[in-house]
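One structure below.
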Amino acid sequence: MTTLDQLIENESGTICNICDEQLALQLLTMGFILGEEIKVERIAPLHDPMIITSGCNCLSIRKKDAKLIEINKAS
Amino acid sequence: MSVVEKKLFNVLLVGNPNTGKSTLFNSLTGLNQKVGNFPGVTVDKKSGTFKVNNQVVNIIDLPGTYSLAPNSEDEKVTNQYILEAKNDEIIVVVADVTNLKRNLLLLTQIMDLGKKVVLVLNMMDLLQKNNQEVNVEKLSKLLGISVIPINAHIGKGVDELKNAIVHFKANPVKFIEKDSLANAVDETMLRYGKINEIVNQCFSSKGEGKTSVLTKKIDNILTHKFYGYLIFLSILFTIFQAIFSWSSYPMELIEKGFLLLGNWLGNTLSQGILNDLIVNGIVAGLSGIFVFVPQITMLFAFIVVLEDTGYMSRVSFLMDRILRQFGLNGKSIIPLLSSTACAVPAIMSTRTITNLKERLITIMVAPLISCSARIPVYTLLIGLIISKDSSWGVFNLQGLLMMGLYLIGFIAALGAAWVMKKLIKSKEKSSFIMEMPIYRMPRWKNVGLSIYSKVQVFLFDAGKIIVAISIVLWVLSSYGPSNTFEKIEEKYAVETNNYSSLSEKEINHLISAEKLEASYAGIIGKTIEPLIQPIGFDWKIGISLVTSFAAREVFVGTMATLYSVGDEENTMSIREKMMNAKNAETGEKLYSTATTMSLLLFYAFAMQCMATLAVVYRETKSIKWPLIQLTYMGVLAYLSSFIVYHIFA
């Protein structure tokens, strides 16, 4: 299974599972919905954190948390 | 007798962050608003009133939240207010129409609680730019509540909203039966499913919006791995350059104004203790506060504008990785920058940091960053050891040393943060999940109100403590044990011949200098002299260290009195007197490079600000943290002064 932290800039996938309930709920309420598209918009110059988008929602997240997000990588 | 019927409505304003909720609040209430505190927590409470046909409506602007599952202290307050909303209270949910799906989540949660709800669709003006369309009537019908499209920015739709509040009617639909699902994640997914059905029927979007494309283009430059940092540094440099060159004129004006006021009061009021207290205690204290208003206002203006455009979120994004190493958070950058103006509002702005440990560390190290009140001290002392024209290559040496002091404050803050990261234990998880808003032009009304409230914090929260301490210090320096003061006056009255060459004014200056030496403040200075001798200070500096507790810049005024300059405005003459001052024992120059450098470092590091300690106490709700701060900064100051003194001696 691919996790979000493995993606490079401009790569995307669909959210399958978030392995931490609190994180899952927080992301869900911020518009990152299971089954929808997620994209790595930008990775900070020092390789962490990253900016991710889903629809018109856009937020920053540390790689440590991105590792908990399992995705189906788009080919 | 005519009776005007006044019915009170209570309205709670809620919504996701960045939906223009505050803009709407401002256009509803205008200037009829006040900022307070929610009881028991350090969260700003903005409340206000407005009138619709003789009926007064009370409105509270609750902190932005994404859902009823709170993640921060702010969100907990909102959550509690919503849950406890009474039957006659109306909850106005503000939604960003361009991001309807996510914004409706909170709405459906509140509707399912059975509360009275009105939905406001804000940012209607952005729909067209984003190639989006919405059918407001259909949405209202599907939800069973009033839906009011507005453009809070220009106040469009605000009257319709007021009407919908006083003529409230609704027939709300139910989304999810309570307790049907135990798991919050599953429940939220189910909600999104129902929201999707509604949104698909009345909202359409064709392709990517112009605003987000523009934001991406700007981000390509502003978060670039090289240009990103370069631009941030250039912005910082420009801000400081601007503040130093623009604020000196209004500062001089304010100082002169207070001097005139003091002189006028001194001459108008009858002579005596009260006169002296008003002129040298209160007016001097007020002058010391107001003189910083121009600088602090300008600094906050820059910071607030950068925040409002969305740029500060990107700076936090760029800095998170670096600051994390030191136990801080990307969000710490705003309090740290604000500390260059004044630590008091800076410490209050740490509230956005949700992780308690990171917030504590930010609070503890912020006062190490050089604030406005240190500038007059630095300027006077640097002038003692470096002449105005000395330069090093193209750089002016005085300016270079000033910059060095700022830099060393910043480095010390990072170092102290790193140590505290190791010492403070915490099991709380640290994260940096923060929404990145789209770039936009500053909303000037919001910017203005935000600057106003920060300057207000400085003027009132810090100000009242500065004035109180000024009065205490006035007592300490105006009184001495038993009749020592009379003796001094007698001495000068008897030995007039010895001073015949001096004018009356000069004699008066000598008398006040001698009185200060004999006063309680002087006694304190002499008592601590053995303690501060190892770092090169004498009792006169000791007095200044004590008086600086009101605000650091009081150092300059105290020096003026001690060296009987009289005229505080004339820094040149204070400087000359200090330069000629001799060490009583050795006869060498007192303000040698060693002593002056030691003093500069002491002022850079020591916690000499009562107002900051008070705000740290309030924000941490414990006496422990201000005490630790006072101690560690004191030890740091003493040790570094000791080392520097012995290097240069």
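Proteins come first, then strands; the chains are lettered A, B, ... in the order of their sequence lines, and each starts at number 1.
- Proximity to chain A is absent for every atom of B/N16, based on heavy atoms less than 4.5 angstrom apart.
- Heavy-atom distances place both the backbone and the side chain of B/I433 under 4.5 Å from chain A.
- Taking CE of B/M189 as the reference point, atom CG of A/L28 lies at 6.0 Å (rounded to 0.5 Å).
- Put simply, CD on B/E187 and CG on A/L25 are 9.0 Å apart, with the number rounded to the nearest 0.5 Å.
- The candidate from A/P49, A/G31, A/A44, A/A24 with the greatest count of non-hydrogen atom pairs under 4.5 Å with chain B is A/P49.
- Between chain B and the options A/Q26, A/E21, A/K64, the largest number of non-hydrogen pairs under 4.5 Å is found for A/Q26.
- Rounding to the nearest 0.5 Å places OG of A/S60 at 7.0 Å from CZ of B/F317.
- The environment of CE in B/M441 is sparse: at most 12 heavy-atom neighbours from other residues, nucleotides or ligands sit within 6.0 Å.
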Run the side-chain contact (heavy atoms from CB on, under 4.5 Å) test on A/L46 and B/Y229 for me, step by step, so that the C-alpha distance in whole Å, both residues' side-chain angles and the decisive distance to 0.1 Å come before the verdict.
CA-CA 11 Å; A/L46 301 168; B/Y229 293 101; 3.7 Å; yes
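- By the 6.0 Å contact criterion, CD on B/Q325 is enclosed, its count of non-hydrogen atoms from other residues, nucleotides or ligands being greater than 12.
- Under a cut-off of 6.0 angstrom, the local environment of NZ in B/K76 is sparse, with at most 12 non-hydrogen atoms contributed by other residues, nucleotides or ligands.
- For A/I52, no part sits under 4.5 Å from any heavy atom of chain B, backbone or side chain.
- Contacts between B/N71 and chain A at a heavy-atom distance below 4.5 Å involve the side chain alone, from C-beta outward.
- Classification of A/D65 and B/K429 as a salt-bridged pair fails, no side-chain N sitting under 4.0 Å from a carboxylate O.
- For A/T3, the side-chain contact (heavy atoms from CB on, under 4.5 Å) partners at least two apart in sequence or on another chain are A/D5, A/Q6, A/K67, A/E70.
- When each of B/T65, B/N103, B/T188 is scored by its heavy-atom pairs under 4.5 Å with chain A, the top score falls to B/T188.
- Each of B/K101, B/R102, B/E435 was checked for a side chain to side chain donor-acceptor pair (under 3.5 Å) with A/N57, and the lone residue meeting it is B/R102.
- Of the two parts of B/Y192, only the side chain, counted from C-beta on, holds a non-hydrogen atom closer than 4.5 Å to a non-hydrogen atom of chain A.
- With a 4.5 Å cut-off on non-hydrogen atoms, B/D96 does not touch chain A at all.
- In this structure the side chain of A/E41 reaches within 4.5 angstrom of the side chain of B/K216, judged on heavy atoms.
- Put simply, of B/R324, B/M434, B/R191, the one with the most heavy-atom pairs under 4.5 Å next to chain A is B/R324.
- Salt bridge present: B/D320 and A/R62 bring a charged side-chain N and a carboxylate O closer than 4.0 Å.
- For a residue to count as touching a neighbouring chain, one of its non-hydrogen atoms must lie under 4.5 Å from one of that chain's; by this rule B/T98 touches chain A with the backbone only.
- When each of B/L105, B/I322, B/N99 is checked for heavy-atom pairs under 4.5 Å with chain A, B/N99 comes out on top.
- Annotation: side chain of A/R42 is in contact with side chain of B/N220 (closest heavy-atom distance under 4.5 Å).
- Shown here is A/E9, whose CD atom has more than 12 heavy atoms of other residues, nucleotides or ligands within 6.0 Å.
- For A/E36, the part lying near chain B is the side chain, with the backbone staying farther off; criterion is any non-hydrogen pair under 4.5 Å.
- Considering only heavy-atom pairs separated by less than 4.5 Å from chain A, the leading option among B/S431, B/G228, B/P17, B/S67 is B/S431.
- The residue among A/L27, A/I61, A/L23, A/I51 with the most heavy atom pairs within less than 4.5 Å of chain B is A/I51.
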